[in-house]
Amino acid sequence: MTDDRQDTKRLSQIKPLDEAVIRAFSSKVRGQLIRPQDDGYDEARTVFYGGFDCHPALIVRVADPNDVSHVITLARDRGLELAIRSGGHSVAGHSTTEGGIVLDLSEMKHLEIDTEGRTAWAETGLTAGEYTAAVGAHGLATGFGDTGSVGIGGVTLGGGVGYLVRKHGLTIDDVLAAEIVTADGELLRVDAESHPDLFWAIRGGGGNFGVVTRYHYRLHEVSTIVGGMLVIPATPEVIASFIAEAEAAPEELSTIANVMVAPPMPFLPAEAHGQLIIMAMLVYAGEVGEGERAIAPFRALAEPIADMVRPMPYPEIYPPEEGDYHPTAVGRTMFVDKIDRDVGEMIVEYLLASDAVMRVAQLRVLGGAMARVPAEATAFAHRSSPIMVNVAAFYEGPEDLARREAWVTDFAAALRQREDGAYVGFLGEEGEGRVREAYPGATWERLAGIKGRYDPTNVFRLNQNIRPSAQSESDAASAIR
Ligand SMILES: Cc1cc2nc3c(=O)[nH]c(=O)nc-3n(C[C@H](O)[C@H](O)[C@H](O)COP(=O)(O)OP(=O)(O)OC[C@H]3O[C@@H](n4cnc5c(N)ncnc54)[C@H](O)[C@@H]3O)c2cc1C
């Protein structure tokens, strides 16, 4: 637990949420209040990842920005830790709190689609899958990540690296404006003209600056894609060749290669279970015939074990998910320059040396549209990094955690090719040094300056935290130029 979390717990012991406080608060809000004694509390306090068994004093399922403002004010005035939750997929467990307040946006799902203008205003309680299905009905899309149940709130604030990253860039590259409630409870509209500093910061800077209630997204024409899962045997040569093909592929093709030991999944033949595989997710966002041609080299790398790549409506890339799936996992995110045969060999060795029920090296070739946006244009500073790598292992109970963490740490160190860098969306609770790796150089100073302006007392601290700096934002902005 960080010092800030301990400070907040001490404060919460001084000012509990007594009945009078709750009564006064509930008279001001439209949303649902859930307390420990209420039915549904256990379900409401559950987040995606297992291992975060926290007991908030109050969960508020907010109904509108006014509710958001009241929750922020309550938490700030009572000195309570405030957890912000959209889709609940925080890797670090930041969307729940022990003894504090959870501001849960999951009931705010309003969506306004402007098919003519190719934009959409979307409330942040929507998941990536829900948004994609709704705009997909019009043959339109905004790119998010690889998982439909992730909230658009969190994935967008971190940057958003997904199936359209090479074709259309990061999710934040399609954010035209946002509405955000800041630490003083005020609702602001931010865009290139209005509060441009804040607009810059919320495109990559995470949940540090306020509660985003809705985003205005650009929509692209993406109807039928060629995409889905391709499973091939993994060897050092195949891993290196896969990456080389992904780098050489047209920008319409984005790939995610999960190198792993095949789990006993029903769509894999029994003889493949326990074998080293690449479970790849491919999306070609373009003409179908060209897509088939772009995917052919991947099919030719080795005899496919399973090939589910086909023309499909883009929203089908997010299949239905199990609601009660709560894995416990440790991971490490980084950027690397190359994955050649030697790196492939190291990946194979590490995966075979572990007996975790699930262990994976996830390789994402970047570039394309994402890399053409200047690094200083948004708070996502790793634009020129060619490959993102995430290594992860599942653990079974607290007693299993230390050795899985040790494996992840060793594996990540072995893969290190330079200053690692980090994608904030995949950071666990890894300390300020790692948060700084997400925001290298002057990006950090500029973010800290903006934080100082909009959240000087660090109300929004339960996140990959950027402490407020007294330095003015204009000084920091000039440092970045
Ligand atoms: C299975 C899985 C797959 C993933 N795949 C990808 C991927 O392909 N690409 C990718 O880029 N990322 C991916 N991620 C990372 C994901 O984008 C982040 O974990 C993200 O923060 C989750 O968003 P959420 O709204 O679901 O999470 P939450 O837990 O609800 O929120 C996470 C944090 O974001 C902040 N936050 C969320 N909503 C708001 C808001 N409306 N206003 C202010 N702050 C807010 C808060 O600080 C909160 O603690 C994945 C994560 C998981 C668990």
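Order of listing sets the numbers, starting from 1, for every ligand and every atom in it.
Checked against a 3.5 angstrom limit, the closest N/O atoms of R364 and ligand 1 fall inside it. At a 3.5 angstrom cut-off on N or O pairs, V212 counts as close to ligand 1. Backbone and side-chain nitrogen or oxygen atoms of H89 are examined, and one is located within less than 3.5 angstrom of a nitrogen or oxygen of ligand 1. Considering backbone and side-chain atoms alike, S90 places an N or O below 3.5 Å from some N or O of ligand 1. Here's the thing with G162: none of its N/O atoms is less than 3.5 angstrom from an N/O atom of ligand 1. Polar contact check, V211 against ligand 1: no nitrogen or oxygen pair lies under 3.5 Å apart. For ligand 1, the polar-atom distance check against G88 finds a nitrogen or oxygen pair separated by under 3.5 Å. Between N463 and ligand 1, no N or O atom pair is found at a separation short of 3.5 Å. At under 3.5 Å, a nitrogen or oxygen of V161, whether backbone or side chain, sits near a nitrogen or oxygen of ligand 1. Taking only nitrogen or oxygen atoms, main chain and side chain alike, G154 reaches within less than 3.5 Å of ligand 1.
Listed by number with element, the atoms of ligand 1 under 4.0 angstrom from any heavy atom of D146 are 3 (C), 4 (C), 5 (N), 6 (C), 7 (C), 8 (O). Set against the non-hydrogen atoms of T124, the atoms of ligand 1 under 4.0 Å away are 41 (N). Atoms of ligand 1 lying under 4.0 Å from any heavy atom of R85, numbered from 1 in the order shown and given with element: 30 (O). Listed by number with element, the atoms of ligand 1 under 4.0 angstrom from any heavy atom of G153 are 37 (C), 38 (N). Of all atoms in ligand 1, numbered sequentially from 1 with element shown, those under 4.0 Å from a heavy atom of L157 are 36 (N), 39 (C), 40 (C), 42 (N), 43 (C), 44 (N), 45 (C). The ligand atoms of ligand 1 that sit less than 4.0 angstrom from a heavy atom of T147 are 1 (C), 2 (C), 3 (C). If you number the atoms of ligand 1 from 1 as listed, the ones under 4.0 Å from a heavy atom of G207 come out as 44 (N), 47 (O). Residue contact check: F426 has heavy atoms under 4.0 Å from atoms 4 (C), 5 (N), 6 (C), 7 (C), 12 (N), 13 (C), 14 (N), 15 (C), 50 (C) of ligand 1.
Under the 30°/60° scheme for interplanar angles, the aromatic rings of H216 and W121 are found to lie parallel. The aromatic rings of F48 and Y325 sit perpendicular, their planes meeting at an angle over 60°, well past the 30° parallel limit.
Remark: distances from the non-hydrogen atoms of G160 to ligand 1 include one below 4.0 Å. At least one heavy atom of G210 sits closer than 4.0 Å to an atom of ligand 1. Y423 counts as a contact of ligand 1, since one of its heavy atoms falls under 4.0 Å from the ligand.
Here the shortest heavy-atom pairing between L253 and A294 reads CD2-O, 4.2 Å.
When only modelled atom types and interatomic distance are considered, R434 and T333 share no side-chain donor-acceptor pair under 3.5 Å. Between the side chains of N458 and K451, at least one donor-acceptor pair of N or O atoms lies under 3.5 Å. With no hydrogens or angles considered, no side-chain donor-acceptor pair links Y215 and D174 at under 3.5 Å.
A cation-pi contact, defined as under 6.0 Å to the ring centre and within 45° of the axis, is absent between R359 and W407.
Every ring pair (Phe, Tyr, Trp, His ring centres under 6.0 Å) that F144 has, sequence neighbours left out, goes to Y131, Y217.
For T127, no heavy-atom contact with ligand 1 is shorter than 4.0 Å. Under 4.0 Å from ligand 1, not a single heavy atom of F144 appears.
Atom OG of S469 is separated from atom CD of E445 by 7.0 Å, given to the nearest 0.5 angstrom.
Identified under the ring-ring contact (aromatic ring centres under 6.0 Å, His included) test for residues 170-198, with sequence neighbours left out: none.
In this structure the side chain of F209 never reaches within 4.5 angstrom of the side chain of L157, judged on heavy atoms.
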Checking salt bridge (Lys or Arg N to Asp or Glu O under 4.0 Å) for the pair R383/D173: CA distance, chi angles, key distance, verdict? CA-CA 11 Å; R383 297 277 182 177; D173 300 333; 2.8 Å; yes
